[in-house]
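Input: a single structure, listed below in structure tokens.
Every chain is numbered from 1, with letters handed out A, B, ... down the list of sequences. Excluded from the calculations below are hydrogen atoms, water molecules and symmetry mates; all remaining heavy atoms, backbone and side chain alike, are included.
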2 protein chains.
Amino acid sequence: MKDAPKGKIKIVKAFRELLNDKNFNSITTAETAKTAGVTEGLIYKYFKDKRALLYEVLREHYEKFLIQIEKDLLGIEGASKKLKTIITSSLQSYANHRVFARIVMLEARNSEDYFDSSAYKLVQRYNQIILEIIEEGKANGEIREDIDSSYIRHAIFGSIEHACLKGAIFEQTLSSFAISENIYRILFEGITQGTSNNYNFD
Amino acid sequence: MKDAPKGKIKIVKAFRELLNDKNFNSITTAETAKTAGVTEGLIYKYFKDKRALLYEVLREHYEKFLIQIEKDLLGIEGASKKLKTIITSSLQSYANHRVFARIVMLEARNSEDYFDSSAYKLVQRYNQIILEIIEEGKANGEIREDIDSSYIRHAIFGSIEHACLKGAIFEQTLSSFAISENIYRILFEGITQGTSNNYNFD
DNA sequence: ATTAAAGGTAAGTATCACTTACTTAAGTAT
DNA sequence: ATACTTAAGTAAGTGATACTTACCTTTAAT
């Protein structure tokens, strides 16, 4: 993979910078080209459309994020501790890069072709890592086996994202420690009071 | 509140219908006007912009939804059972009205003025109802008190939404029963194996 | 009957994502 | 070196679209 042409790099860089201050829809291609110091047409030499440019920015972010996560997981033993690390790291990432929190939660998903993008490929890899941790936990008795693993994953990321959503939109500071502690308690121990929580609600 | 002018009603109806088949961005104002049998200009007599029209459709949906939820909650005793009802009803609503699932999760939130809309006012009322149920549960010993109520709410809706997301985007059928059962187990009982789940992970 | 407001229309306009047709630079094989 | 091919980059559109403006028409209260 030889390095990308200067123009392409400048375009991605410009778009990434613009995303700091405004949302996807309000960034124009003209503006992007001007910031990059190239002509508008060049954008379409390298990207199918404006969204593909967004996906590229997102992909680069996920690439760094995955490297970080894999580093964070090194040396951690046991599914529960690993999942706790995942929760904390994901929250920290959202807190430190609110632009990407916004992109992930609000801008990327609402087009079907995001799910064909190479950014989403990385998301899938991340999902796979988590599923394997959950399976590991089931195998060694840490995690209950009567819940479908994919729902556990949904609960983890759903909780994280919902807790970060308004912060990402209104650019408020997120206290990743408090959020992660609360989410962790809920998901691991349940919200029911007391040790014997086999109460039947049917 | 006297009844809205015919034109306004037709516009909202047309837009609601169009949302069944295409997403917000790909519906044009011209198309909306034509479907409604009015001119484009009339849309802007009643709505500040295209988004305001989306919020109106959403508001009408939430109004019906809230009535339904309040009916579902009637006669149900105890916070846990009430929350379970909330989970089931919300999931059923997403499963039966995937258009609205999509609007809520993907189309409405990514503009700040959604949070000033009267649709969002209803969401806030719904949130309030849930917070009160959680507080009730804490008061009568059903729900642990060492978790901030708002995070419990985040976990509930985050889990629901994340589990429905891809279904809403790709219009797959959602099995609301299976999802609700899984979410319910996770949130109420926790994912940790065994009754004594006071394992310390620090 | 008069008048003011509300309901509704017709014809724009500016903006924007994307195209097309072209030029220039960089490789590469002969 | 020369001829040729491909990639990088430009300039000038174009059609579509959200929204505006200026106008006409109906309704209903005084």
Can you find a pair of side-chain heavy atoms, one from Q68(A) and one from S89(A), that are under 4.5 Å apart? no
Report, as yes or no, whether the 6.0 Å neighbourhood of atom NZ on K22(B) holds more than 12 heavy atoms from other residues, nucleotides or ligands. yes
Please determine, for the side chain of P5(A), which listed nucleotide (dG8(C), dC19(D), dA8(D)) has the closest atom? dA8(D)
Which nucleotide in dT10(D), dT9(C), dG9(D) has an atom nearest any side-chain atom of V38(A): dT10(D)
Residue E40(B), side-chain atoms from C-beta onward, closest of dC19(D), dA17(C), dT10(D): dC19(D)
Nearest-nucleotide check on DNA chain C, N25(A) vs G37(B); residue mapping nearer the 5' end is G37(B)
Indicate, with a heavy-atom threshold strictly under 4.0 Å, whether Y46(A) touches base, sugar-phosphate, or nothing. sugar-phosphate
Whether the Y126(B) and S90(B) side chains hold a donor-acceptor pair (N or O, under 3.5 Å, no angle test) is what I'd like checked. yes
Out of dC16(C), dC19(D), dC18(C), which has the shortest distance to the side chain of Y44(A)? dC18(C)
Name the closest nucleotide to the T29(A) side chain, picking from dT17(D), dA17(C), dG8(C). dA17(C)
Could you tell me whether the side chain of K45(A) has a donor or acceptor atom within less than 3.5 Å of a complementary atom in the base of dG9(D)? yes
Determine whether I152(B) and L131(B) make a side-chain contact, defined as any pair of heavy atoms from C-beta on separated by less than 4.5 Å. no
